[in-house]
Amino acid sequence: MKFNAFLYLCLGILCAFSASAQDMTDDEIKARIQPVGQVHVAGAKAESASSGPRSGADIYNKTCVACHSIGVLNAPKFQNAGDWSPRLEKGFDTVWQNAINGIGGMPPKGTCGDCSDDELKAAIEHMIEGI
Ligand code: HEC
């Protein structure tokens, strides 16, 4: 019984919907459909934007971790205050510039060729977090 009532309700909704669709002209239907298409495009744009700038943790885990986790060639170790403090005394911007251009055993951009300056900055901030 309950199921039948549900079925009739569904049919009623379907009829109401198709009836109103028939009342509309082609232009009206197009106008109705259009916003849906726009929402879709906007969604796709948001997606590509979010795959743009990566987080500091992402960059660190992908590239910097190779040397900065265990201190290869004396690289300052991940979130190790003893290693980072003397370097940060030069000022964050200098340390950041050195990461971009390379210094000593530190290759330019830490071998992350497709990293933007801001992504490198985020990676450094991740490495010195809590120091
Ligand atoms: C091939 C190993 C290696 C990789 C990969 C690497 N580093 Fe380094 N990094 C070093 C070494 C070695 C030093 C110490 C350089 C020195 O002072 O002689 C260093 C130092 C640094 C410094 C301190 C610079 C200063 O002024 O004292 C920063 C900041 C830095 N790295 C950031 C990064 C970032 C960000 C990444 C990842 C995108 C990265 N590194 C990847 C080896 C590496």
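Each ligand, and each atom within it, is numbered from 1 in the order the structure gives. Values in this document were obtained by computation on a predicted structure and should not be read as measured data. In what follows, residues are counted from 1 in the order of the sequence shown.
- Close approach of ligand 1 to Gly105 (heavy-atom distance below 4.0 Å) involves ligand atoms 11 (C), 12 (C), 18 (O), 42 (C).
- Of all the atoms in ligand 1, the ones that sit under 4.0 Å from a non-hydrogen atom of Gly104 are 18 (O).
- Of the protein's heavy atoms, Gly110 CA, 3.4 Å lies nearest to atom 41 (C) of ligand 1.
- Counting the atoms of ligand 1 from 1 in the order shown, those under 4.0 Å from a heavy atom of Thr63 are 5 (C).
- Which parts of ligand 1 touch Leu120 is read off a 4.0 Å heavy-atom cut-off, strictly below it: atoms 38 (C).
- Using a 4.0 Å cutoff on heavy atoms, Cys115 does not count as a contact of ligand 1.
- Heavy atoms only, all atoms of each residue included: Ser85 and Ile131 are closest at OG-CG2, 4.0 Å.
- With ligand atoms numbered from 1 in the order given, ligand 1 contributes 12 (C) to contacts under 4.0 Å with heavy atoms of Val72.
- Between Met106 and Asn98, the shortest heavy-atom contact is CG-O, 4.5 Å.
- Closest to atom 29 (C) of ligand 1, if we only count protein heavy atoms, is Val95 CG1, 3.3 Å.
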Could you walk me through whether Ile100 and Gln97 pass the side-chain contact (heavy atoms from CB on, under 4.5 Å) test, one step at a time? CA-CA 5 Å; Ile100 294 167; Gln97 282 307 310; 3.8 Å; yes
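- In terms of protein heavy-atom proximity, atom 15 (C) of ligand 1 is closest to Ile103 O, 3.3 Å.
- What you find for Asp83 and Ala75 is that their closest heavy atoms are OD2-O, 4.2 Å.
- The nearest heavy-atom contact from the protein to atom 21 (C) of ligand 1 is His68 CE1, 3.4 Å.
- Nearest heavy atom pair, residue Trp84 against residue Lys77, reads NE1-O, 2.9 Å.
- Nearest protein neighbour of atom 11 (C) of ligand 1, counting heavy atoms only, is Ala75 CB, 3.5 Å.
- Residue Ile124 has at least one heavy-atom neighbour below 4.0 Å for each of these atoms of ligand 1: 29 (C), 35 (C).
- For the pair Ile124 and Tyr60, the minimum side-chain heavy-atom distance is 4.5 Å or more.
- In this structure, of Gly56, Gly113, Cys67, Cys64, the residue bringing a heavy atom nearest to atom 43 (C) of ligand 1 is Cys67.
- Other residues, nucleotides and ligands place more than 12 heavy atoms under 6.0 Å from the CG atom of Asn61.
- For ligand 1, the atoms lying closer than 4.0 Å to a non-hydrogen atom of Met127 are 32 (C), 33 (C), 34 (C), 35 (C).
- With 2.5 angstrom as the limit on SG-SG distance, Cys67 and Cys64 do not come in below it.
- Around atom 25 (C) of ligand 1, the closest heavy atom drawn from Glu125, Lys90, Glu119 belongs to Lys90.
- A salt bridge is defined here as a Lys NZ or Arg NE, NH1 or NH2 lying under 4.0 Å from an Asp or Glu carboxylate O, and Asp114 with Arg54 meets this definition.
- Between Gly82 and Pro86, the shortest heavy-atom contact is O-CD, 3.3 Å.
- At a heavy-atom distance under 4.0 Å, only side-chain atoms of Asn98, from C-beta outward, approach ligand 1.
- Scanning the protein heavy atoms around atom 12 (C) of ligand 1, the nearest turns out to be Leu73 O, 3.3 Å.
- The shortest N or O to N or O distance between Thr94 and ligand 1 is not under 3.5 Å.
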Determine, stepwise, if the pair Glu119 / Asp58 fulfils side-chain contact (heavy atoms from CB on, under 4.5 Å). CA-CA 9 Å; Glu119 285 175 331; Asp58 279 354; over 6 Å; no
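- The option from Trp96, Trp84, Tyr60 that lies nearest to atom 28 (C) of ligand 1, judged by heavy atoms, is Trp84.
- Residue Pro107 has at least one heavy-atom neighbour below 4.0 Å for each of these atoms of ligand 1: 1 (C), 3 (C), 43 (C).
- Looking at residues two or more places apart in sequence or on another chain, you find no side chain to side chain donor-acceptor pair (under 3.5 Å) involving Lys109.
- Among Lys109, Met106, Arg87, the residue whose heavy atom lies nearest to atom 39 (C) of ligand 1 is Met106.
- Aromatic ring orientation, Phe78 versus His126: tilted (interplanar angle from 30° to 60°).
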